[in-house]
Amino acid sequence: MKNTIFDVKCIAKVMKKLSFYFLLVLFLTACNSTKHVAEDKQMLTQNNIFVDSVKNKSADLQKYVLQKPNPRLLGLPFGLYFHNIGNHNKPKTPTEWGLKHPKKYNFIKNIFSEKQSIAYANAFISLNNWFLNYDAPVILSESKANRTADNLWAFYKTQGYFDSKIKTVIDRDSTDKKAIVSYYINKGEPTLLDSIKIKIESPVLDSIYKDSKIKSLLVSGNQYNDKVFRKEASNVVKLFKNSGIYYFSESALGFYVDSTRTDHKTNVEFLIAKDRFKEKDGVYEKKDYKVHKVSKINVVTDYSYTKKEEVYKDSVNYNGINFLAIDKLKYNPKYLSQSIFFKSGDVYKDTLSNLTRNHLKSLKNFKSTNISFSPIEGTDDELKMDIFLSPKEKYTLGFETELTHSNIRNIGSSAKFSLTNRNAFKGAELLKFSFLGSYFNANNGPGWEIGADASLEFPRLVAPFGLDKLVPKRMSPRTLFSLGSSFQKNIGLDRQTFTILSDYKWQYNSKKTIQLEIFNTQYIQNLNVNRFFDIYGSEFTNLNNVAEIYDQENNTSFFPLATDLENQASESLAFIRSVASNAGFRNSNPNDFNTVLNIQNRYNIVTSDFLIPTLAYSFTYNSQSDFKDNNFSFFKLRVSNSVIF
């Protein structure tokens with residue numbers, strides 16, 4: 001034992017020495033952070049931005065800086081320190097290493113083999129490369145500093161500071177080979193919007209603009225800002241694209257800003273062209289803007305690129321929509337039409353086109369959804385809408401498995417097998433069957449569980465008494481029914497569980513989702529209640545001790561209680577009932593009496609079967625526009641009420 005303690009202390013001392021030497025090497029390297037900087041170069045150590053003589057560390061400005069110093073942790077550039085431990089002049093190949101270290105190379109080669117000497121050389125080369133892969137020193141680039149100044153000047157110009165000036169100062173230290181770059185920004189006076197005129201040359205567009213009573217973001221007296229102009233253009237494009245002007249684009253918009261004034265004000269003219277260019281037989285001609293209507297709608301339900309030239313063999317017209325299939329029409333037009341937000345004769349709207357695309361994707365039945373619009377021959381204001389749907393495989397198999405280990409379970413494994421049937425009843429429903437099983441071996445013995453459940457998901461609200469009409473189809477309502485059961489055999493009482501669920505969910509808008517759980521009911525049945533006193537041995541021991549005292553006072557023969565599983569529970573319960581009804585024993589032995597009652601309460605709680613209905617409401621808010629959006633808010637609230645019977 002003493003030798004072991006001595007060895008541990010020795011190892012600890014060695015580790016401390018190694019740590020000390022490592023930190024010492026790192027410190028010495030840090031003192032020479034410009035080790036790999038050439039004599040006529042400088043390492044960038046700091047960027048400073050001064051706006052109107054005030055230092056500014058805003059992230060909005062930092063993103064325009066093209067060259068930044070080495071990253072730091074706790075104020076130190078550790079990555080640079082590790083890089084400097086390496087050597088750029090060391091050999092890059094085993095051959096070069098062998099020429100530089102012939103004695104070491106040949107020693108390994110003679111004792112072992114040339115293969116081992118190559119591996120030995122590669123080990124040193126890899127270690128050196130490992131250090132060099134860390135952050136190399138950032139060498140000052142005057143061109144990048146000048147381009148950074150241009151970026152900052154352009155940024156302030158977009159904010160309305162047309163007279164801003166930027167001065168770049170580079171502080172070089174030729175002795176230490178380090179440099180600091182400072183950008184001094186003088187914003188000057190901001191330019192304000194003065195008169196604002198909107199000129200729409202197209203009578204059709206002018207009528208739409210005036211009827212919409214859209215509120216312009218360009219307000220006289222506000223400071224000039226490029227973002228406001230871009231937002232204004234985007235709002236106008238959305239207005240026209242949602243008012244039937246299918247061919248309208250941002251290229252038809254123009255802003256004229258008068259920059260000749262010297263009073264830091266500017267007049268703005270918002271120009272919207274009267275016509276557009278259209279290609280016809282290789283020649284571009286001008287065409288007036290017109291309100292387009294969707295006159296014809298075709299839906300190909302089994303589109304495939306390899307079969308796109310084949311003739312459609314099956315077709316159905318439902319509510320003015322043509323449903324086509326290369327083989328056989330497998331989707332009920334009544335339900336599939338609920339995902340199409342255009343009807344024949346409707347004015348074209350971008351929002352309805354996007355809503356149709358998103359709704360069809362939410363059905364989880366199609367690999368791809370392609371929507372295109374094209375003019376109908378012989379007309380100037382009619383469009384044909386073609387929807388091409390490529391269905392997923394009707395049946396999908398899934399398999400999941402898991403292996404676990406913990407201080408309670410020595411080993412455990414689980415597996416889940418699922419079968420999904422898409423378009424189960426020709427309404428884009430999802431029918432799913434799942435089978436699961438698990439096994440574990442705990443300290444107190446083995447256990448296992450098997451179960452199965454079935455779920456049916458409808459891409460619409462399924463409810464009686466016309467309640468389905470309360471949620472419009474544009475909110476992509478979804479209804480889920482689920483039924484399941486599981487049987488658990490473990491070290492406890494064993495139990496069987498039955499679960500039934502009906503779940504309603506809809507997208508209130510692009511950011512808000514609502515979910516309502518109704519008839520979410522679970523029934524838990526204990527299957528082996530007679531094992532209670534065998535599993536909870538301490539309860540049985542306490543009960544047996546009280547039985548010995550009880551027999552002496554009441555001249556009964558409960559003690560000792562039966563230990564075999566067949567009679568243990570019945571005798572223990574009989575003794576509990578006898579004690580509970582004996583007022584004399586309660587008065588003479590109140591502590592023992594309370595012990596028995598407590599055991600009775602715990603027995604009733606543990607062995608009871610439960611019916612648990614739950615009603616829940618969930619609200620989710622997510623402002624993330626797409627996966628690239630890193631600046632968003634997320635909030636989820638769930639309110640539930642459960643009753644145990």
Side-chain angles (χ1 to χ4, degrees), residues 15-90 92 124-156 159 164 166-187 627-632:
M15 293 300 295
K16 287 181 179 179
K17 287 184 178 181
L18 290 175
S19 300
F20 171 77
Y21 289 135
F22 175 76
L23 293 174
L24 180 61
V25 171
L26 196 62
F27 175 76
L28 292 175
T29 308
C31 293
N32 187 21
S33 57
T34 57
K35 173 183 176 182
H36 296 311
V37 179
E39 291 299 328
D40 58 339
K41 301 293 183 181
Q42 292 84 36
M43 181 179 72
L44 178 64
T45 59
Q46 189 175 344
N47 283 319
N48 296 319
I49 299 177
F50 296 91
V51 180
D52 292 335
S53 302
V54 179
K55 195 170 185 178
N56 191 310
K57 296 182 179 180
S58 170
D60 291 336
L61 297 182
Q62 290 296 327
K63 64 184 179 182
Y64 295 104
V65 179
L66 298 180
Q67 193 174 38
K68 298 179 181 179
N70 291 90
R72 292 173 175 264
L73 178 65
L74 301 177
L76 297 174
F78 286 103
L80 175 61
Y81 296 163
F82 277 103
H83 177 88
N84 286 343
I85 295 175
N87 191 333
H88 290 274
N89 298 322
K90 281 190 175 182
K92 302 295 189 295
F124 284 95
I125 294 171
S126 297
L127 179 62
N128 186 60
N129 290 336
W130 183 77
F131 284 117
L132 293 178
N133 283 335
Y134 279 91
D135 301 322
V138 177
I139 306 301
L140 173 66
S141 170
E142 287 192 32
S143 64
K144 289 186 178 180
N146 293 331
R147 284 158 54 198
T148 295
D150 292 340
N151 288 346
L152 293 171
W153 176 82
F155 168 74
Y156 277 101
Q159 304 297 305
S164 62
I166 298 181
K167 180 182 178 182
T168 304
V169 177
I170 301 177
D171 183 12
R172 293 181 172 89
D173 189 334
S174 58
T175 304
D176 291 341
K177 295 188 289 186
K178 296 180 180 179
I180 298 175
V181 181
S182 299
Y183 303 95
Y184 294 89
I185 303 171
N186 183 7
K187 295 189 299 184
F627 69 93
K628 295 180 181 179
D629 184 8
N630 295 322
N631 185 19
F632 64 93

Interatomic distance, K144 atom NZ to L44 atom CG [nearest 0.5 angstrom]: 10.5 Å
Once rounded to the nearest 0.5 Å, what's the spacing between atom CD1 of I85 and atom CZ of F131? 4.5 Å
Exercise: identify the closest heavy-atom pair between V138 and P69: CG2-C, 4.1 Å
Can a salt bridge be assigned to the pair E142 and R172 using a cut-off of 4.0 Å between side-chain N and carboxylate O? yes
Does the side chain of L140 reach to within under 4.5 Å of the side chain of K41, using non-hydrogen atoms? no
Going by the rule side chain to side chain donor-acceptor pair (under 3.5 Å), which residues pair with K55 if we only count those two or more places apart in sequence or in a different chain? N48
Sort and list the pairs that fulfil side-chain hydrogen bond (donor to acceptor under 3.5 Å, both in side chains) and have at least one residue in residues 56-74, not counting sequence neighbours. none
Which pair of heavy atoms, one from V181 and one from A145, lies closest together, and at what distance? CG1-CB, 4.4 Å
Taking the side chain as everything from C-beta on, heavy atoms only, tell me whether N186 gets closer than 4.5 Å to S164. no
Return the NZ to CG distance between K178 and D173, rounded to the nearest 0.5 Å. 8.5 Å
Within-4.5 Å side-chain heavy-atom neighbours: V51 and Y184: no
Is a donor on one side and an acceptor on the other found under 3.5 Å between the side chain of K92 and the backbone of K90? yes
Less than 4.5 Å apart, side chain to side chain, heavy atoms only: is that true for Y156 and I185? yes
Pairwise side-chain contact, L152 with T148, heavy-atom cut-off 4.5 Å (strictly under): yes
Within the structure provided, determine whether V169 and I180 are in side-chain contact (heavy-atom separation under 4.5 Å). no
Quick one: does any side-chain atom of T168 pair with a main-chain N or O of N146 as donor and acceptor, under 3.5 Å? no
